[in-house]
Amino acid sequence: MKYTEFKDSLRKDDPEFDSRINAEKLRVDMAVAIVQKREKEGFSQKVIANIAHLTQQQISKIENGENCNIDTYFKAMAALGMNFKDIAI
């Protein structure tokens with residue numbers, strides 16, 4: 001089965017397939033943007049965590065693609081002075 005056929009079969013079986021894929025893509029795009037901005041600015045995960053009132057482990061989870069609460073992403077982005085226009089969607 002080709003990838004497109006597989007994707008089409010998933011789409012047919014799950015009416016929310018596209019919205020789930022888009023939500024996951026947004027999380028990945030946010031995580032990539034957070035890592036890039038943090039590294040560009042020369043901050044450690046611990047520094048961003050302290051500014052965002054998060055733990056270093058939460059920042060690590062974002063950067064490693066683990067599923068986090070969306071508020072966690074927003075706090076990390078705010079700590080870096082980011083908003084949605086900083087994300088390559």
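The chain is numbered in sequence order, starting from 1. What you see below is based on every heavy atom in this structure, not just the backbone, and it leaves out hydrogens, waters and symmetry mates.
Note that CD1 of Ile59 and SG of Cys68 are 8.5 Å apart. Values are rounded to the nearest 0.5 Å. Rounding to the nearest 0.5 Å places CD of Glu24 at 10.0 Å from CG of Asp29. Taking OG1 of Thr55 as the reference point, atom CD of Gln57 lies at 4.5 Å (rounded to 0.5 Å). Distance check, rounded to the nearest 0.5 Å: CD1 of Ile34 to CD1 of Ile48 gives 9.5 Å. To the nearest 0.5 Å, atoms CD1 (Ile87) and CD (Gln36) are separated by 11.0 Å. Summarising the geometry, atom CE belonging to Met30 is positioned 5.5 Å from atom CG belonging to Leu26; distances are rounded to the nearest 0.5 Å.
Every side chain to side chain donor-acceptor pair (under 3.5 Å) that Asp18 has, sequence neighbours left out, goes to Arg11.
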Please output the side-chain donor-acceptor pairs of residues 69-80 that fall under 3.5 Å, not counting sequence neighbours, one pair per line with the distance.
{"from": "Asn69", "atom 1": "OD1", "to": "Asp71", "atom 2": "N", "distance (Å)": "2.7"}
{"from": "Thr72", "atom 1": "OG1", "to": "Asn69", "atom 2": "O", "distance (Å)": "3.4"}

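Within the structure, side chain to side chain donor-acceptor pair (under 3.5 Å) contacts touching residues 44-54 (residues at least two apart or in different chains) are Gln45-Gln56, Gln45-Glu63.
Salt-bridge formation is detected for the pair Glu41/Lys37: a Lys NZ or Arg NE/NH1/NH2 atom is positioned less than 4.0 Å from an Asp or Glu carboxylate oxygen.
Hydrophobic clustering (side-chain heavy atoms under 4.5 Å, transitive across Ile, Leu, Val, Met, Phe, Trp, Tyr) keeps Leu54 apart from Val35.
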